[in-house]
> 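My structure is below; once you've seen it, I'll send some questions.
The figures that follow rest on heavy atoms only: side chains count, while hydrogens, waters and symmetry mates do not.
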Amino acid sequence: MQENTVETKPAAATLNPNLTKVVEKDSPMKEWLVDYVGNRVNPENGEVNLEMIIEIMAMEFPEFLMAIAEENWVRGYHQAINDMETGKKLYEEELKRKEENGPEDTTNN
């Protein structure tokens with residue numbers, strides 16, 4: 001019997017690099033949010049990154065993040081279904097084309 005294995009990577013290898021980028025205060029809302037999170041987290045270097053903002057949002061406004069996560073999951077699910085249907089259609093078209101054209105000679109002469 002075949003054994004299925006899953007190769008995992010360390011958490012740092014799968015971390016989205018955008019999470020550790022410093023968030024610039026280039027809009028009034030970002031200025032407010034970065035200042036708020038900076039005051040809550042109080043990072044040693046004074047820089048606030050996206051990961052810190054997400055952590056604070058998860059603690060103080062989890063329903064906001066859940067709504068985004070749920071929407072993202074639903075969209076991903078719909079995309080997967082669409083991809084499966086497209087793949088099936090292409091596969092069936094290829095089978096039909098092969099039936100119509102007959103077997104191809106794959107030997108090198």
> Give the table of side-chain donor-acceptor pairs shorter than 3.5 Å for residues 80-90, with sequence neighbours excluded, one pair per line with atom names and distance.
from  : atom 1 : to    : atom 2 : distance (Å)
Asp83 : OD1    : Gln79 : NE2    : 2.8
Thr86 : OG1    : Asn82 : O      : 3.0

> Please report the shortest heavy-atom distance between Gly38 and Pro43, naming the atom on each side.
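The answer is O-CD, 3.6 Å.
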> Between Glu94 and Arg97, is there a side-chain N and carboxylate O pair less than 4.0 Å apart?
yes
> Looking at CG of Leu65 and CD of Glu70, how far apart are the two atoms once the value is rounded to the nearest 0.5 Å?
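Here the interatomic distance stands at 11.0 Å.
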> Which heavy-atom pair separates Ile53 from Val34 by the least distance, and what is that distance?
CD1-CG2, 4.5 Å
> Please check if Tyr36 and Val22 belong to a single hydrophobic cluster, counting links between Ile, Leu, Val, Met, Phe, Trp and Tyr side chain heavy atoms closer than 4.5 Å.
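Unlinked, Tyr36 and Val22 end up in two clusters.
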> Test: salt bridge (charged side-chain N to carboxylate O under 4.0 Å, His left out). Region: residues 43-69. Which pairs qualify, not counting sequence neighbours?
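Only Arg40-Glu60 qualify under salt bridge (charged side-chain N to carboxylate O under 4.0 Å, His left out).
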> Excluding sequence neighbours, so at least two apart, what forms side chain to side chain contact (heavy atoms under 4.5 Å, CB included) with Lys21?
Asn18
> I'd like to know whether Met66 forms a side-chain contact (heavy atoms from CB on, under 4.5 Å) with Ile68, so could you lay out the CA-CA distance, the side-chain angles of the two residues, the decisive distance to 0.1 Å, and finally the verdict.
CA-CA 5 Å; Met66 283 301 295; Ile68 292 171; over 6 Å; no
> For atom CE of Met59, decide whether the heavy atoms of other residues, nucleotides or ligands shown that lie under 6.0 angstrom number more than 12.
yes
> So how far is it from Met57 CE to Leu33 CG, rounded to the nearest 0.5 Å?
6.5 Å
> NZ/Lys96 to OH/Tyr91 distance, rounded to the nearest 0.5 angstrom?
15.5 Å
> Check Val48 against Val37 and note the closest heavy-atom contact, atom names and distance.
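Nearest heavy atoms, Val48 then Val37: CG1-CG1, 3.7 Å.
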> Working note: Ile56 + Phe61, criterion side-chain contact (heavy atoms from CB on, under 4.5 Å); need CA distance, chi angles, decisive distance, verdict.
CA-CA 8 Å; Ile56 296 299; Phe61 199 178; over 6 Å; no
> Would you check, one step at a time, whether the test side-chain contact (heavy atoms from CB on, under 4.5 Å) holds for Val23 with Met52?
CA-CA 10 Å; Val23 177; Met52 294 172 189; over 6 Å; no
